[in-house]
Amino acid sequence: MKIASFNINGIKARIEALTNWLAGADVDVVVLQEIKSVDEGFPREHFSDLGWNVETHGQKGFNGVAILSRLPLEDVSRGLPGDDSDEQARYIEATVVGDQAVRLAGLYLPNGNPVPGPKYDYKLAWMERLRHRAAELLALEMPVVMLGDYNVIPEARDAAKPEKWVDDALFLPQSRAALRAIQWQGWTDAIRIRDPWAQRGPFTFWDYQAGAWNRDDGIRIDHLLLSPQAADLMVETGIDREARAGEKPSDHVPVWVRLAA
DNA sequence: ATGGTCGAGGTTCGA
């Protein structure tokens, strides 16, 4: 089972690039972030006609997450538990049924800028809620993949120019500590363990501004965290970097893991 | 050191 995450930065603007990537990526399931669409505005038929099961959790204008799957999806739930007043569409869970059942949590973690301010407070509170949910998912003792745009640069080596990010919500010590608190519950960072001692990179996001892609001025903020039962099934993982060089690209590229499931 | 791009929705905000 090949599982991917892709922040597409607008489904209407990215329908062609996403469709082309899906045709060549050989993925079974992909979680999407920043669909920037209400559920009724998502081109559901376009993807269902191509053989994808579609589950969305959208809102008007901003945010929004979705799952496309060639395999059956069960027990879909929308929204991150822990705050009934939170109306931002940033989280969706589903169980994918292959040879084994795999629980997926697709997430779009708040950006948090500017700092300080209510947006950063919301980011840290959201991460605390995610930590609680992550502990519940680990307690299932089943293969779980928690993946998406975490909007956190874990370490200095995850940025081409870390000095640019020192005052940014994506790299502040509190943000990184909150991510570590989740990881240290027992999650495996699938992309990092490909090359544990890398001194720089790999990256998953390059800003549209100032020629960041051409300078390879990237950061790693899209992550795949695997429960121990999922990590035991991991056979391959990767980043589809070439997607950033295509026509009308997103500013993020897909990240993926293949499980023997 | 400097300059500066997208998307969505509606003339501005979020990233």
[X] [atom1]: over 12 foreign heavy atoms closer than 6.0 Å:
{"X": "A/E16", "atom1": "CD", "result": "no"}
{"X": "A/K12", "atom1": "NZ", "result": "yes"}
{"X": "A/D167", "atom1": "CG", "result": "no"}
{"X": "A/Q199", "atom1": "CD", "result": "no"}

Contact nearer the 5' end of DNA chain B, comparing A/Q88 with A/A210: A/A210
Toward the 5' end of DNA chain B, by each residue's nearest nucleotide, A/N63 or A/D207: A/D207
Range on DNA chain B touched by chain A - first to last nucleotide, heavy-atom distance under 4.0 Å: B/dG3 to B/dA15
Hydrophobic cluster identity match, A/V102 and A/V27, side-chain contacts under 4.5 Å: no
Sugar-phosphate only, base, or nothing, as touched by A/Y108 at under 4.0 Å among non-hydrogen atoms: sugar-phosphate
By ring pair (Phe, Tyr, Trp, His ring centres under 6.0 Å) - contacts of A/H223 (at least two apart): A/Y150
Residues A/R176 and A/E155 bridged, charged N to O under 4.0 Å: no
A/R78 and A/E55 ion-paired at < 4.0 Å: yes
Sub-4.0 Å heavy-atom contacts from residues 163-180 of chain A onto DNA chain B, ordered by number: none
